[in-house]
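Right, one structure below, let's go through it.
Keep in mind it's a predicted model, so treat the numbers as computed, not measured. Residue numbers begin at 1 in each chain, while the letters A, B, ... track the order of the sequences.
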Protein chains: 2
Amino acid sequence: MVSLMDEQSFSLADLMGKKLTLQKGDCVFCQGQMFDSVYLIGAGSLKTYNLNSTGKEGVTGFYFQGDIVGFSGMDMGYHPCFAKALEPTQVYKILFHEMEDLSALEPFWARQVLQIMSRQIRENQRLIALLGSRSERKIASFLLGLSAKFNAEVSSAEFFKLTMSRNDIAAYLGVSGETVSRTLTQFHKKGYIQVKGKEVSILSFSALQQLNV
Amino acid sequence: MVSLMDEQSFSLADLMGKKLTLQKGDCVFCQGQMFDSVYLIGAGSLKTYNLNSTGKEGVTGFYFQGDIVGFSGMDMGYHPCFAKALEPTQVYKILFHEMEDLSALEPFWARQVLQIMSRQIRENQRLIALLGSRSERKIASFLLGLSAKFNAEVSSAEFFKLTMSRNDIAAYLGVSGETVSRTLTQFHKKGYIQVKGKEVSILSFSALQQLNV
DNA sequence: CGAACCCTTGATTGATGTCAACATACGTGG
DNA sequence: CCACGTATGTTGACATCAATCAAGGGTTCG
């Protein structure tokens, strides 16, 4: 996979984007804030979430190195969600009108942006297709997706870190935090995964894939 | 809202896209098929869905006039879903590499494409945020979203037509067909909506919005 | 006109949310 | 470095929503 973090585009990002360093809990942008930029993630991870009138968080996505966060604000002109760092994180701020200009100038960049948006649409639709399935399957799919993402883009370590809390995962998949806990220990007891706090390793991809259907 | 169906871009679409006429049930593309085009909808409506190994349909989206369908296939190089007409429908086939060329030449077009993709990301995330909520709320949100879309883009008629079946709605929202039926009649009894087969009219937006939270 | 599909409604069952208690990890300040 | 307090995670008991099964009516299309 060609990534925006490859050398060629890294220089592009450097050119156009102001580099921001975030601590855990810092927000890149807030729900309702005016849209003028998107953010390319250089390192770390973010979650996007919105608050409904009851104050409950709905997590709409997790973002890692090479992802761009903030596109959902483009068409309405304001961000419909918060974007908050899950760990120390670096992002490159990309002013939207500069990105548009560059699209006209640099075909490689334009194609990369479309690729990233397309990937996001596909990933969102993968989740939507899970909407009706049981929590076991949702969580299996979540682990497999995360593992694929990490192996492809971040590292090939056996263990990967869940930088988000169990409740974040729960709010993302539309289940309760307790169900996430229960299902993880269930997977562990069946020998599908190994869990050490926030570190997870998949022992049987096939078993999870079978649940995933 | 500026739409791709406005005069200026209509001529663009005419220029680049071969016009296809579909009957109800016809597929624009199939799951697994190679990606080379996206499709701008001129009239009618489509659903996208995928089949899992058990043969069960998971509906990932509904698309109407002015939407572009097929972006989810871009980054992997093949379509991860079917796109099937829900009624007599017209689409403009847009070869992807031609779209890229035109985007480089025509900033207006490039911006429109980004807008449409952004809207789709936002709409998908709105659904994802509903993942954990009760079916009542899911269906209320679905009706409100559809109503907004129709009023904005298709017509301002009081009634709008559900071109998809109850089971399609169910598969989209991750509930059972029976639950869709029951909830609609419940809304009807409470005076929130009027239902005549596939025609629906919203009598109390506020009541539905309150459920929507 | 028949057959297939779609929709509605009822009864039952099962999965999962909620509540509660406890355990563990984390961060902060002494 | 320890001690405390808070946030996060785990586990159990129970309640509830919605899936499933089933039956019947309605609609569409060949």
Side-chain angles (χ1 to χ4, degrees), chain A residues 23-26 47 49 54 56-59 84-88 130-140 142-143 161-190 193-200 211 213, chain B residues 23-26 47 49 54-59 84-88 130-143 161-190 193-200 211 213:
Chain A
Q23 295 311 309
K24 179 175 177 176
D26 291 347
K47 67 171 174 179
Y49 66 99
T54 68
K56 195 176 171 189
E57 276 190 22
V59 174
K84 181 178 279 191
L86 297 168
E87 58 184 324
L130 282 179
L131 246 156
S133 55
R134 304 200 329 198
S135 31
E136 208 180 34
R137 183 190 287 187
K138 288 179 180 175
I139 290 164
F142 177 74
L143 291 175
K161 185 171 184 183
L162 301 177
T163 56
M164 69 294 293
S165 72
R166 304 284 197 269
N167 277 322
D168 286 337
I169 298 173
Y172 179 58
L173 297 175
V175 300
S176 69
E178 292 90 331
T179 296
V180 172
S181 265
R182 276 189 257 267
T183 307
L184 287 178
T185 60
Q186 203 183 338
F187 285 170
H188 177 65
K189 281 180 185 167
K190 288 182 180 169
I193 63 173
Q194 215 170 335
V195 189
K196 295 189 176 183
K198 297 207 166 262
E199 300 285 327
V200 174
L211 289 175
V213 180
Chain B
Q23 294 311 308
K24 179 176 177 176
D26 291 346
K47 67 171 173 177
Y49 65 99
T54 69
K56 195 176 170 187
E57 274 190 24
V59 175
K84 181 179 278 193
L86 295 168
E87 57 184 326
L130 282 180
L131 246 157
S133 54
R134 305 201 333 203
S135 31
E136 209 180 34
R137 182 190 289 187
K138 287 180 182 175
I139 289 163
S141 176
F142 177 75
L143 291 174
K161 185 173 184 183
L162 301 177
T163 55
M164 69 293 295
S165 72
R166 304 285 197 267
N167 277 323
D168 286 336
I169 298 173
Y172 179 59
L173 298 176
V175 300
S176 70
E178 291 92 330
T179 295
V180 173
S181 264
R182 277 189 256 267
T183 307
L184 287 179
T185 60
Q186 203 182 338
F187 284 170
H188 177 65
K189 282 179 185 168
K190 289 181 181 171
I193 63 174
Q194 215 169 336
V195 189
K196 293 189 178 183
K198 296 202 168 268
E199 300 285 327
V200 174
L211 290 174
V213 178

Qualifying residues under salt bridge (Lys or Arg N to Asp or Glu O under 4.0 Å), relative to Lys190(B), sequence neighbours excluded
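Partners of Lys190(B) under the salt bridge (Lys or Arg N to Asp or Glu O under 4.0 Å) test: Glu136(B).
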On the nucleotide dC5(C), are OP1 or OP2 found under 4.0 Å from the side-chain N or O atoms that Ser165(B) carries?
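Indeed not, no polar side-chain atom of Ser165(B) lies that close.
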Could I get the full list of side chain to side chain donor-acceptor pair (under 3.5 Å) partners for [X], not counting sequence neighbours?
X: Thr183(B); value: none
X: Thr163(B); value: Ser45(B)
X: Lys161(A); value: none

Using a 4.0 Å cut-off on protein heavy atoms (strictly under), produce a 5'-to-3' string for nucleotides 15-22 of chain C with B for base contact, S for backbone-only sugar-phosphate contact, and - for none.
SSSBB---
Using rotation axes that map the C1' atoms of four end pairs onto the next four (five pairs an end), what angle separates the end axes of the helix from dC1(C)-dG30(D) to dG30(C)-dC1(D), to 10°?
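For the helix from dC1(C)-dG30(D) to dG30(C)-dC1(D), the axes at either end differ by 60°.
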Please state how far atom [atom1] in [X] lies from atom [atom2] in [N], giving the value in whole angstrom units.
X: Glu87(B); N: dC6(C); atom1: CD; atom2: P; value: 16 Å
X: Leu162(B); N: dC7(C); atom1: CG; atom2: C1'; value: 13 Å
X: Gln23(A); N: dG27(C); atom1: CD; atom2: P; value: 12 Å
X: Arg166(A); N: dA23(C); atom1: CZ; atom2: P; value: 18 Å

Could I get the full list of side-chain contact (heavy atoms from CB on, under 4.5 Å) partners for [X], not counting sequence neighbours?
X: Ser133(B); result: Leu130(B), Arg137(B), Lys138(B)
X: Lys24(B); result: none
X: Ala171(B); result: Val59(B)

So how far is it from Leu162(B) CG to Leu143(B) CG, rounded to the nearest 0.5 Å?
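Those atoms lie 7.0 Å apart.
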How far does CD1 of Ile193(A) sit from CD1 of Ile139(A), to the nearest 0.5 angstrom?
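CD1 of Ile139(A) is found 9.0 Å from CD1 of Ile193(A).
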Nearest heavy-atom neighbours spanning Ala85(A) and Gln23(A):
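Nearest pair, atom of Ala85(A) first, then Gln23(A): CB-O, 3.4 Å.
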Determine the contact category for Lys198(B): base if any of its heavy atoms lies under 4.0 Å from a base atom, sugar-phosphate if only primed atoms, P, OP1 or OP2 are that close, otherwise nothing.
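If one applies the 4.0 Å heavy-atom cut-off, Lys198(B) turns out to touch the sugar-phosphate alone, with no base involved.
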Within residues 166-177 of chain A or reaching into it, pairs that qualify as salt bridge (Lys or Arg N to Asp or Glu O under 4.0 Å) - sequence neighbours excluded
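The answer is Lys47(A)-Asp168(A).
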Could you give the start and end, 5' to 3', of the contact zone on DNA chain D for chain A, using atoms under 4.0 Å from its heavy atoms?
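Extent of the interface on DNA chain D: dG9(D) to dA13(D).
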